[in-house]
Amino acid sequence: MSRDACGRRCRSMSLVLAAISGALFGAGLLISGMTQPARVIGFLDITGRWDPSLAFVMSGAIGVYAFAYRAVLARRVDPWFDNAFDVPKRRDVDRRLLVGAAIFGVGWGLVGLCPGPAIVSSPSSTSALLFVAMMLIGMFVVRIASMRLRSRSHWSQNSAEVDS
Amino acid sequence: MIGAASALLLVTHGRIAGISSIVGSLLKSDTHDRGWRHAFIGGLVAAGVLGNMLAPAAIGAVTQPIVVVATAGLLVGIGTSVGSGCTSGHGVCGLSRLSPRSLVAVPTFMLAGAITVWIAGAFR
């Protein structure tokens with residue numbers, strides 16, 4: 001159903017389904033061990049006592065999604081609650097991508113939390129809650145900085161886009 | 001399950017399940033589709049509350065001092081905004097779609113994470 005034809009009932013249905021995806025995603029993180037920072041650090045500890053089990057979690061999720069993604073887009077049918085698919089289209093590798101990914105990696109390695117597991121852990125852990133709060137501040141800082149830099153040279157082309 | 005949840009969001013909303021950008025877009029003033037983002041995050045939080053009740057051991061303790069936790073959170077926020085994604089957006093969805101950007105981003109953040117754990121290990 002397209003967004004234009006989406007009435008009140010359809011809109012609440014769309015929210016319910018988004019919440020179900022979020023809850024399923026969260027349950028997946030909990031079951032797979034992603035919400036145990038010690039295991040995540042063990043997974044990143046390739047020079048020490050490496051625990052590769054989370055690699056299987058990741059491969060499993062990629063396998064399922066790779067199949068689903070192709071199947072869904074091949075059907076050439078619109079998503080239920082929107083007029084079109086909105087997936088990242090950029091293919092260029094720039095310095096921002098590399099620098100950003102490296103900064104994220106350092107933060108991930110320091111505590112063993114990335115955004116999804118941190119949000120799932122936040123109701124029961126004050127550390128995770130602090131982590132999420134600081135993460136939001138970090139995102140906000142980048143947004144302000146990109147706006148300031150928008151008038152200047154090459155940052156301007158990329159700064160507005162957060163794509164995946 | 002993570003893959004299936006991401007697929008459900010794709011079928012229903014036509015979006016990529018990238019946690020950092022679902023959250024990050026809520027901080028922008030020009031984001032109009034806030035509803036499903038709030039709902040998705042609400043689902044994640046609900047899973048956390050329920051998980052903590054049913055299986056508290058699934059949520060592991062954070063053992064680092066709060067200064068380290070705060071710094072890590074800040075770096076993750078900055079890094080995912082600048083690099084357009086995290087473990088879910090680049091890692092699960094991006095690699096599945098064979099996105100060239102994600103194929104570069106994932107090894108980059110894994111390597112940075114591994115180096116960080118290696119250095120932090122020297123201080124333990």
Side-chain angles (χ1 to χ4, degrees), chain A residues 15 17-19 21-28 30 35-38 41 44-47 61-62 64-66 68 72 79-80 82 85-87 91 93 96-97 100-111 114-116 119-121 123-124 127 131 134-135 138-140 142 162-164, chain B residues 1-3 5-10 12 14 16 18-21 24 27 36 39-40 42-44 46-49 51-52 58-60 62 64 69-70 72-89 92 94-96 100 104-105 108-109 112-114 116-118:
Chain A
L15 294 183
L17 277 159
S21 329
L24 265 178
F25 198 102
L30 284 162
T35 47
Q36 292 172 44
I41 289 176
L44 290 172
D45 194 11
I46 45 173
T47 58
I62 292 171
V64 170
Y65 193 74
V72 168
W80 296 1
D82 209 329
F85 287 94
D86 188 355
V87 296
R91 301 177 66 84
V93 172
R96 274 186 64 112
L97 180 76
I103 295 172
F104 162 53
V106 173
W108 191 31
L110 273 178
V111 173
C114 55
I119 293 172
V120 172
S121 306
S124 50
S127 294
F131 183 95
M134 292 303 289
M135 180 177 95
M139 288 172 167
F140 196 69
V142 173
V162 171
D163 59 13
S164 47
Chain B
M1 199 176 226
I2 297 170
S6 311
L8 181 62
L9 191 71
L10 182 73
T12 58
I16 292 295
I19 310 294
S20 58
S21 54
L27 299 172
W36 72 270
F40 186 89
L44 280 179
V49 171
N52 187 44
I59 299 170
V62 173
Q64 289 77 4
V69 175
L74 192 67
L75 291 175
V76 167
I78 294 172
T80 53
S81 297
V82 174
S84 319
C86 60
T87 334
S88 52
V92 175
L95 290 188
S96 299
V104 171
T108 306
F109 65 63
T116 307
V117 169
W118 178 57

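Chain A is the first sequence line, chain B the second, and so forth, proteins listed ahead of strands; every chain is numbered from 1. Keep in mind that the numbers below use all heavy atoms, side chains included, and drop hydrogens, waters and symmetry copies. Because the structure is a prediction, the values reported are computed rather than measured.
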What orientation do A:F104 and A:W108 show, parallel under 30°, tilted 30 to 60°, or perpendicular over 60°?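 If you compare the ring of A:F104 with that of A:W108, the planes turn out parallel.
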For [X] against [Y], the heavy-atom pair lying closest together:
{"X": "A:T47", "Y": "B:W118", "answer": "OG1-CD1, 3.0 Å"}
{"X": "B:A39", "Y": "A:A18", "answer": "CB-CB, 3.9 Å"}
{"X": "B:A47", "Y": "A:A27", "answer": "CB-N, 3.8 Å"}
{"X": "A:L110", "Y": "B:Q64", "answer": "O-NE2, 3.3 Å"}

Counting C-beta onward and ignoring hydrogens, is there a side-chain heavy-atom pair between A:Y65 and A:V72 closer than 4.5 Å?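 No. Closest side-chain heavy atoms not under 4.5 Å.
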Using a 4.5 Å cut-off on heavy atoms from C-beta on, say whether the side chain of B:S20 contacts that of A:M139.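 In short, these two side chains touch, coming nearer than 4.5 Å.
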Pick from [options]: which one has the most heavy-atom pairs with chain B under 4.5 Å?
{"options": "A:A61, A:G107, A:S21, A:P123", "value": "A:S21"}
{"options": "A:A101, A:G28, A:A68", "value": "A:A101"}
{"options": "A:S121, A:A23, A:C114, A:G116", "value": "A:A23"}
{"options": "A:G26, A:A38, A:P115", "value": "A:P115"}
{"options": "A:V64, A:L97, A:L30, A:L24", "value": "A:L97"}
{"options": "A:V93, A:I46, A:V106", "value": "A:V106"}

Engaged part of B:A46 at the chain A interface, taking heavy atoms whose separation is under 4.5 Å: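 Neither part, no heavy atoms under 4.5 Å.
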I'd like to know which of [options] tops the heavy-atom pair count under 4.5 Å against chain A.
{"options": "B:L75, B:V104, B:V62", "result": "B:L75"}
{"options": "B:L9, B:V49, B:I59", "result": "B:I59"}
{"options": "B:T108, B:L44, B:V92", "result": "B:L44"}

Quick check on A:V120 against chain B: is it the side chain, the backbone, both or neither that has a heavy atom closer than 4.5 Å?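 Both parts, backbone and side chain.
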Is it the case that atom CZ in A:F85 sees more than 12 heavy atoms from other parts of the structure closer than 6.0 Å?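 Buried by this count: over 12 neighbours within 6.0 Å.
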